[in-house]
Amino acid sequence: MNCRRLVYVVVWFNLYVACTFIQVSGLDASNFSKCWFPAIYNFGDSNSDTGAVFAAFTGVKPPNGISFFGSLSGRASDGRLIIDFMTEELKLPYLNAYLDSVGSNYRHGANFAVGGSSIRPGGFSPFPLGLQVAQFLLFKFHTNTLFNQFSNNRTEQPFKNSLPRPEDFSKALYTFDIGQNDLAFGLQHTSQEQVIKSIPEILNQFFQAVQQLYNVGARVFWIHNTGPIGCLPYSYIYYEPKKGNIDANGCVKPQNDLAQEFNRQLKDQVFQLRRKFPLAKFTYVDVYTAKYELINNTRNQGGRQVLKVTQNLGKNNVSLFLVINLIIIFLLVN
Ligand SMILES: *[C@@H]1O[C@H](CO)[C@@H](O)[C@H](O)[C@H]1NC(C)=O
Ligand SMILES: *[C@@H]1O[C@H](CO)[C@@H](O)[C@H](O)[C@H]1NC(C)=O
Ligand SMILES: *[C@@H]1O[C@H](CO)[C@@H](O)[C@H](O)[C@H]1NC(C)=O
């Protein structure tokens with residue numbers, strides 16, 4: 001089984017379960033029974049940024065994008081991101097970043113994720129989750145208005161094609177991959193203990209963001225937990241792992257423990273969301289395990305020496321900003 005396959009299996013098994021569940025509960029079964037979503041709205045950081053940092057800060061340089069897309073693709077990755085594989089599997093086009101004004105088409109969704117973003121404001125990026133959701137609300141209002149205006153005027157009809165259909169918002173899949181930078185920023189500026197103490201407040205803000213989306217009609221939520229940040233090149237290079245705090249794969253153990261604590265509380269939060277909003281469907285996706293297994297099985301998968309590759313990239317080719325967000329999985333997936 002190659003790496004790409006593994007990600008597929010983990011992610012799509014979960015989506016399959018979610019869809020089966022939706023079918024059983026009878027929530028608009030006609031659309032969901034076939035796992036059919038007309039659009040995806042995504043929120044997050046560089047794990048799923050398909051062009052926001054590129055558009056806003058022109059901060060993505062070659063070799064990103066070269067191997068798969070053949071030129072800069074807007075992703076801080078040479079290949080596709082998990083969100084790209086998800087859109088492919090759902091037979092939807094790749095998501096355009098909300099911030100990208102050139103050639104974008106939002107008929108089948110939009111991407112509000114911005115590399116470096118955290119759930120709480122005041123981190124590495126000026127686009128925390130609350131702002132991403134605010135942008136979504138504006139996007140929804142604005143596109144609905146335009147769509148109706150264009151619908152009423154024959155000359156303007158063709159302009160409609162790049163806009164989402166208003167009725168699709170409540171049938172869309174709402175996806176999240178965010179939280180990693182809350183932990184990374186906290187570790188950089190405070191202590192491990194303080195970061196642990198801050199998790200409930202971080203997740204409280206996550207809860208509020210989801211609630212805002214629910215209030216305007218979002219019903220199917222797909223929530224990635226956070227990956228093994230202790231295996232990031234950033235951790236490896238800048239936290240100088242010492243003997244005793246690194247695991248067999250060379251990852252910084254205390255940081256991975258922190259990520260797992262965050263994930264435990266995130267999972268509880270998802271259970272609370274299910275109780276509070278029984279009409280919606282929430283799927284918690286264990287991306288941590290999928291990524292860690294890829295790293296742990298690099299050699300079996302015919303992969304490279306992950307930390308060596310990323311270390312070279314970190315020291316020589318990639319800016320600090322990108323290193324913070326560079327995820328080993330993207331190197332492996334392609
Ligand atoms: C339809 O749109 C065209 C082009 O924008 C505009 O010139 C025209 O006045 C509009 N017609 C109506 C009835 O609003
Ligand atoms: C990592 O891989 C080794 C050898 O294949 C295996 O024994 C171990 O259980 C794996 N660890 C994790 C956490 O998956
Ligand atoms: C990245 O840095 C390494 C080591 O300096 C170098 O060999 C490699 O060619 C660089 N890669 C790119 C794409 O610039």
Side-chain angles (χ1 to χ4, degrees), residues 1-14 17 47 82 85 101-107 139 141-166 177 179-180 183-184 187 192 196 223-236 239 241-268 284-311 326-334:
M1 187 189 283
N2 66 33
C3 299
R4 217 170 98 180
R5 206 59 224 162
L6 183 67
V7 174
Y8 273 165
V9 169
V10 172
V11 171
W12 294 107
F13 175 73
N14 281 297
V17 170
N47 288 290
I82 294 178
F85 291 109
S101 54
V102 181
S104 289
N105 186 312
Y106 299 114
R107 170 52 63 98
F139 172 88
F141 169 76
H142 201 180
T143 56
N144 280 357
T145 310
L146 274 178
F147 190 93
N148 292 330
Q149 180 194 319
F150 292 161
S151 300
N152 294 332
N153 183 327
R154 231 206 269 149
T155 338
E156 291 179 324
Q157 285 270 359
F159 300 131
K160 259 179 20 179
N161 297 336
S162 62
L163 300 177
R165 297 181 189 88
D177 195 323
Q180 177 186 310
L183 305 184
L187 283 171
Q192 179 112 3
I196 289 178
I223 299 161
H224 288 185
N225 69 6
T226 202
I229 55 167
C231 303
L232 287 176
Y234 180 82
S235 309
Y236 197 80
Y239 290 91
K242 300 176 202 69
K243 260 200 179 144
N245 79 352
I246 57 169
D247 68 15
N249 290 303
C251 303
V252 184
K253 234 185 316 187
Q255 292 182 21
N256 281 350
D257 292 344
L258 177 64
Q260 285 179 297
E261 178 54 31
F262 176 86
N263 288 340
R264 264 190 292 277
Q265 295 190 36
L266 174 64
K267 197 170 176 181
D268 283 349
Y284 171 86
V285 185
D286 187 7
V287 166
Y288 182 99
T289 301
K291 287 182 178 174
Y292 195 84
E293 282 182 6
L294 283 176
I295 295 160
N296 194 36
N297 295 318
T298 313
R299 284 191 191 84
N300 302 346
Q301 309 275 356
R304 306 158 230 178
Q305 285 179 288
V306 180
L307 288 171
K308 195 164 173 216
V309 170
T310 50
Q311 226 179 342
L326 192 67
I327 295 287
I328 287 159
I329 194 171
F330 305 147
L331 293 172
L332 284 166
V333 160
N334 285 281

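In what follows, every heavy atom counts, from backbone to side chain, and hydrogens, waters and symmetry copies are set aside. Counting convention: from 1, in listed order, for ligands and their atoms alike. Here the structure is a predicted model, which is why all the values come from computation and not from measurement.
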Of all heavy-atom pairs between Ala259 and Gly227, which one has the smallest distance, and what is that distance?
CB-O, 3.5 Å
Atom 12 (C) of ligand 1 sits nearest the protein heavy atom Asn153 ND2, 3.3 Å
Right, does atom 9 (O) of ligand 1 have protein non-hydrogen atoms nearer than 4.0 Å?
no
How far is atom 5 (O) of ligand 1 from the closest protein heavy atom, and which atom is that?
Glu156 OE2, 2.9 Å
What residue and heavy atom of the protein are closest to atom 13 (C) of ligand 2, and at what distance?
Tyr292 CE2, 3.9 Å
Looking at every heavy atom in both Gly179 and Thr226, which two are closest together, and how far apart are they?
C-OG1, 4.1 Å
Is it the case that ligand 2 has an N or O less than 3.5 angstrom from some N or O of Asn296?
yes
Phe150 and its side-chain contact (heavy atoms from CB on, under 4.5 Å) partner, picked from Thr145, Leu163, Asn161, Thr155
Leu163
Distance-minimising heavy-atom pair for Pro228 and Ile295:
CG-CD1, 4.2 Å
Pick from Asn249, Asp286, Asn256: which one makes a side-chain hydrogen bond (donor to acceptor under 3.5 Å, both in side chains) with Tyr292?
Asn249
